[in-house]
Amino acid sequence: MKWRVIIIGILNFIFIEDTKKEEHTESLVDVTKGMFKALLIPRVWMLVAIIFTAYSVYGLIGYVNTYAVKFYGLSTAAAATLGGVRYLIQGLGGIAGGFLADKVKSRFKVIIGGCIGLALSFGLFIILPTTASLLVAIVANFFLGLFFIYAVRSQYFAVHDDAGIPLNMSGRVSGIASCLGYTPDLFMYTLVGSWMDNYGRTGYNMTWVYAMAAAILCAVITFILSRIVKKEQAAKAS
């Protein structure tokens, strides 16, 4: 691992150009004013909601390993291997998400399509019977869901530009979206953990319903934002 980091550092030094240093400081008052100005933009809250819902799905998909061990006979060693494979799919899903966004010329479409795929994937976990013979189907569905969620995650910050956020506010908006968008970490794991502890298989189904609802809501909010942006672009063109 140490040598890998050293090699990456050397390649960065050779191939990545240094950016010009710019001295530009703001007073605390100006920073505070800028933050509140950003909070008054409705589409900023839509961006927050997109990240909040997509990040919720990302967190919940991690329970599939435990689900497969408990109800489908997956060994703990195989579950650990799946956890490693997850990082490979992370790269593939992210690359595919970027490629598709370029191909269809819309980051919004990639997020919407990915979220629809996620909703269907989690729905499949609910309807598949609890039998060891379906373990392969569960694992395959897990991989499919991972592919979709990483495709979505590769784009949900990129849509800031599509949403028409002014360049001089992009840093503030990204900060706000990150701060509020990742708040599922504060409550979600405690909530679904209590479901699983108290209700067993039903608790997992409740978790999958939660993930489906978050994915659908993410798709709906993204679609609404895309329509707002499209109408603005049409108005400017006319």
Common cluster, [X]/[Y], ILVMFWY with side-chain heavy-atom separation under 4.5 Å:
| X | Y | answer |
| --- | --- | --- |
| Val229 | Val220 | yes |
| Tyr199 | Leu128 | yes |
| Ile51 | Tyr210 | yes |
| Tyr55 | Val44 | yes |
| Ile126 | Ile61 | yes |

Roughly how far, to the nearest 0.5 Å, is the [atom2] atom of [Y] from the [atom1] atom of [X]?
| X | Y | atom1 | atom2 | answer |
| --- | --- | --- | --- | --- |
| Thr222 | Gln155 | OG1 | CD | 11.0 Å |
| Leu146 | Ile149 | CG | CD1 | 9.0 Å |
| Asn198 | Met206 | CG | CE | 9.0 Å |
| Ile176 | Trp45 | CD1 | CH2 | 7.5 Å |
| Leu191 | Leu60 | CG | CG | 9.0 Å |
| Phe122 | Leu120 | CZ | CG | 11.5 Å |

Validation row: [X], [Y] side chains within 4.5 angstrom (heavy atoms):
| X | Y | answer |
| --- | --- | --- |
| Leu180 | Phe52 | no |
| Pro129 | Leu134 | yes |
| Phe142 | Ile138 | no |
| Tyr204 | Thr66 | yes |
| Tyr156 | Tyr58 | no |

Evaluate the criterion side chain to side chain contact (heavy atoms under 4.5 Å, CB included) for residue pair Met46 and Ile228; output intermediate values, then yes/no.
CA-CA 11 Å; Met46 298 181 78; Ile228 292 171; 4.0 Å; yes
To check you understand the geometry: which heavy-atom pair defines the closest contact between [X] and [Y], and what is its length?
| X | Y | value |
| --- | --- | --- |
| Ile221 | Ala49 | CD1-CB, 3.5 Å |
| Ala54 | Val152 | CB-CG1, 3.9 Å |
| Ala79 | Asn65 | O-ND2, 3.1 Å |
| Leu74 | Ala78 | CD1-CB, 3.5 Å |

Give a yes or no answer on whether the side chain of Ser154 reaches the backbone of Ala151 with a donor-acceptor pair at less than 3.5 Å.
yes
Output yes when a side-chain donor or acceptor of Ser121 lies under 3.5 Å from a complementary backbone atom of Gly117, and no otherwise.
no
After noting the C-alpha distance and the side-chain angles of Val192 and Trp195, does the key distance pass the side chain to side chain contact (heavy atoms under 4.5 Å, CB included) rule?
CA-CA 5 Å; Val192 300; Trp195 291 346; 3.8 Å; yes
Close aromatic pair by centroid cut-off 6.0 Å: Tyr67 and Trp208
yes
Determine, using ring centers only, whether Phe147 and Phe143 are less than 6.0 Å apart.
no
Enclosure of Tyr182 OH (heavy-atom neighbours >12, cutoff 6.0 Å)
yes
Would you find more than 12 non-hydrogen atoms of other residues, nucleotides or ligands less than 6.0 Å from Tyr189 atom OH?
yes
Does the side chain to side chain contact (heavy atoms under 4.5 Å, CB included) test come out yes or no for Tyr63 and Phe125, once each step is laid out?
CA-CA 12 Å; Tyr63 286 102; Phe125 287 130; over 6 Å; no
Audit row: Ile111, Cys218, side chain to side chain contact (heavy atoms under 4.5 Å, CB included) steps and yes/no
CA-CA 8 Å; Ile111 294 176; Cys218 185; 4.0 Å; yes
Quick one: do Glu232 and Arg43 make a salt bridge, cutoff under 4.0 Å?
yes
